[in-house]
Novice: 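One structure coming up, written as structure tokens, with questions to follow.
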Amino acid sequence: MSDTVFELKDVHYSYLGKFPALCGVNMTIRSGEKIAVIGANGTGKSTLLQLLDGLIFPDRGTVTAFGERLLEHSQDNEKAAHRFRQRVGLVFQNADIQLFCPSVREDIAFGPLQFGVAEDEVSRRILEVAEVLDIQHLLDRVPHQLSIGEKRRVAIASVLAIDPDVYLFDEPTAGLDPLTVRHIIDFIVNANQRGKTIITATHDLHIIGEIADTVYVFGRNKSIVRGGSSESVLNDRSLLESNNLIHMHRHHHDGREHVHQHLPLEPHD
Amino acid sequence: MTNPAHKKHDFIGRSVLSALAFLKDATLSEEYANRKGFLQSLDPRFKTISFLLFLVTVVSLKSIVLISPFYLLCLILALLSGIPLRNFLLRTLFFIPLFSLFIVLPTLFSIVTPGEPVWSFHVVGITGIITRPGLDGAVLFVVRIATSVSLVVLLSVTTRHSELLKVLRVFGIPQLFVLTVSMCYRYLYLFATMVENIFTAVKSRVGVVSHQRQGQNVVAWNIANTWNRTTQMSEEVYMAMISRGYTGEPRLLSKFHATPKDWLWLLCAVVICASLFYRGHTL
């Protein structure tokens, strides 16, 4: 299908050939979709994003991106690699990994410069993305001097400067304060409204409703145990509980013990 | 009463933590570079070239009288750039010239530098004679070192490290080399913090290690752990670079903005150096 961005068929991947990370993943992602990949720690979410970004390649099965099979040797061709990387951008979970340049400005410029964008245009983009993410005051700062929230926004800016068609977010809201979480959710929603495909790996169920229309749940067997609309998945409490995404919460109300499931944004007695 | 073994362990811990604190403070603090001042306002390329000119001239001059104006210039520039004179003098005038004095000490004596005696003394039957050429040479050496160190310190504290690295590219240093150095610099802080945290974590769990052997084990384990994490992180950083289009030939931002002030400064530097150089060779 022409609007298919990614198609995964029976994808298996293991680290060092002996530690399985993905086992038989099948998935089709279409242009403009908002997808969330949820699951407990160690279920293969980050590995999936790295596969989609062409950083690692499956041991078995196929990954097709924009109608072409994603192969390791195809990335050796600079033109082909650039064509793909200009269309797909990954925001890593650890911003310290993504921000490897000595200043924020150079980090944002790094991507476009590799693709041969002229310095004047790069300077224009830096100012533009800095304004979008409200980081103008950080441009000449050194990344290690920034707070976690600031680093995360700069990491997003470094990908936004490339302006890819597909954004891959790995735990974009982990460890952030509520206001920064709000900014990142708004950014994701706006990007999707501009026609960008969004794929987010997270176990933060509070944000799923806003950042995803479709949700895939990864289980301990390192494969998809269920996929569907965000509403249907979030309402399947037994599925969420069996996959460590919600838990039974015990506390006291007015001197009596109270036990309930801990669900995202759901009021209780 | 303090256990001597505790002191030994504290010695290891304190040494490591003090070294890390010094590293962070000395190489990664950009306190003065972020201030508003004369040197901070100059284009890093022009500033670096002018300071290189000063350095070459200072090294080539053989007269204290001619080198002294450069030291005076350093003090004026430090004042104009918002650097407290006390800190500047402590950093440039005390430690490094003191060490150079130790190096130059043997040349004071007639046995190394013969000439007109200035002062002689007797210690355990040995006669030491300090000569005028020896003394002149030693003073010239120390003044030259003090001035050169002052110039280098001024340049490094008033320029952001990222900009200094960028200037390397102007001198034709390959982009890959510059990128590698800048990444080392970038992650130095991160790993220093990591080592610091490991030490704090160890201390919080086991308190003060009571045996020296245990202390050595902690340090060895720390080194191995940092090495593992460094290797892992370098692989991930490489992935992050590839993800943003890196294919082996990095392209980096190299835009600078020169103003008439920068050209004027460079002109002044050339005039000062040329006139003192000329004077030094006609004396």
Side-chain angles (χ1 to χ4, degrees), chain A residues 46 49-50 52-56 75-86 88-120 122-123 126 140-145 155 158-159 161-162 164 168 170, chain B residues 23-24 27-31 33-34 40 44 159-169 175-176 178-194 196 229-230 232-257:
Chain A
S46 298
L49 293 191
Q50 288 177 5
L52 295 178
D53 198 32
L55 297 173
I56 53 176
Q75 296 296 307
D76 293 340
N77 179 317
E78 188 174 315
K79 273 189 181 171
H82 277 180
R83 211 170 36 241
F84 173 74
R85 304 216 171 277
Q86 278 177 293
V88 183
L90 169 61
V91 179
F92 284 71
Q93 183 177 355
N94 182 355
D96 273 319
I97 285 168
Q98 187 140 12
L99 307 179
F100 46 78
C101 291
S103 75
V104 168
R105 188 184 296 275
E106 285 175 276
D107 256 317
I108 298 174
F110 186 85
L113 285 173
Q114 306 318 299
F115 299 127
V117 178
E119 284 211 15
D120 284 335
V122 172
S123 300
I126 290 171
D140 291 315
R141 295 270 299 275
V142 181
H144 67 69
Q145 291 174 339
S158 71
V159 174
I162 299 168
L168 308 171
D170 194 356
Chain B
L23 188 75
K24 279 183 177 180
T27 63
L28 303 166
S29 159
E30 297 190 337
E31 186 193 345
N34 291 328
Q40 291 89 334
T159 318
R160 287 198 187 101
H161 295 102
S162 57
E163 286 178 338
L164 268 181
L165 287 166
K166 233 163 45 173
V167 170
L168 288 178
R169 296 206 292 273
Q175 301 229 0
L176 188 62
V178 176
L179 180 69
T180 309
V181 173
S182 65
M183 285 173 76
C184 287
Y185 163 75
R186 157 76 180 93
Y187 286 102
L188 203 60
Y189 188 92
L190 199 70
F191 289 116
T193 309
M194 192 196 292
E196 219 170 36
R229 290 169 79 166
T230 312
Q232 192 187 344
M233 189 173 242
S234 66
E235 282 169 16
E236 289 173 334
V237 169
Y238 184 61
M239 272 191 183
M241 291 171 72
I242 289 176
S243 176
R244 299 215 320 262
Y246 174 71
T247 51
E249 279 293 324
R251 299 174 186 101
L252 306 168
L253 211 55
S254 59
K255 227 174 180 185
F256 288 105
H257 297 286

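Residue numbers begin at 1 in each chain, while the letters A, B, ... track the order of the sequences. Both backbone and side-chain heavy atoms feed into the values below; hydrogens, waters and symmetry mates do not.
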Novice: Counting heavy-atom pairs under 4.5 Å to chain B, which of A:Q50, A:E106, A:E119 comes out on top?
Specialist: A:E119
Novice: Is it the backbone or the side chain of A:L99 that comes under 4.5 Å from a heavy atom of chain B, or both, or neither?
Specialist: both
Novice: Checking B:T247 against chain A: side chain, backbone, both or neither under 4.5 Å from a heavy atom?
Specialist: side chain
Novice: By a 4.5 Å heavy-atom criterion (distance strictly below it), what part of A:F92 contacts chain B: side chain, backbone, both, or neither?
Specialist: side chain
Novice: Just wondering, do A:I56 and B:M239 contact through their side chains at under 4.5 Å, heavy atoms?
Specialist: yes
Novice: Check B:V237 against A:F100 and note the closest heavy-atom contact, atom names and distance.
Specialist: CG1-CB, 3.9 Å
Novice: For a quick test of reading the model, state the closest non-hydrogen atom pair linking A:I97 to B:E236 and the distance between them.
Specialist: CD1-OE1, 2.8 Å
Novice: Is there a donor-acceptor pair closer than 3.5 Å between any side-chain N or O of B:R244 and the backbone N or O of A:D107?
Specialist: yes
Novice: Can you say whether A:D53 sits under 4.5 Å from chain B via the side chain, the backbone, both, or neither, judging by heavy atoms?
Specialist: side chain
Novice: To the nearest 0.5 Å, how far apart are OG in B:S243 and CZ in A:F84?
Specialist: 8.5 Å
Novice: Where the side chain of B:Y246 meets the backbone of A:G111, is there a donor-acceptor pair that is under 3.5 Å apart?
Specialist: no
Novice: For A:D140, is it the side chain, the backbone, both or neither that has a heavy atom under 4.5 Å from a heavy atom of chain B?
Specialist: both
Novice: Please state whether the side chain, the backbone, both or neither of A:S123 comes within less than 4.5 Å of a heavy atom of chain B.
Specialist: side chain
Novice: Name the option with the most non-hydrogen atom pairs under 4.5 Å to chain A; the candidates are B:G248, B:G245, B:S182.
Specialist: B:G245
Novice: Which bit of B:L190 comes within less than 4.5 Å of chain A, counting heavy atoms only: side chain, backbone, both or neither?
Specialist: side chain
Novice: Sort out for me which of B:M241, B:R160, B:M183, B:E249 touches chain A most, counting heavy-atom pairs under 4.5 Å.
Specialist: B:M241
Novice: At a 4.5 Å cut-off on heavy atoms, which part of A:Q86 comes close to chain B: side chain, backbone, both, or neither?
Specialist: neither
Novice: Checking A:N77 against chain B: side chain, backbone, both or neither under 4.5 Å from a heavy atom?
Specialist: neither
Novice: Give, as side chain, backbone, both or neither, the part of A:L90 having an atom under 4.5 angstrom from any heavy atom of chain B.
Specialist: both
Novice: What part of A:L168 gets closer than 4.5 Å to chain B, counting heavy atoms only: side chain, backbone, both or neither?
Specialist: neither
Novice: Suppose we screen for ring-ring contact (aromatic ring centres under 6.0 Å, His included). Which residues come up paired with B:F191, at least two apart in sequence or across chains?
Specialist: none
Novice: May I ask you to decide if B:R251's main-chain N or O and A:Q114's side chain share a donor-acceptor pair within less than 3.5 Å?
Specialist: yes
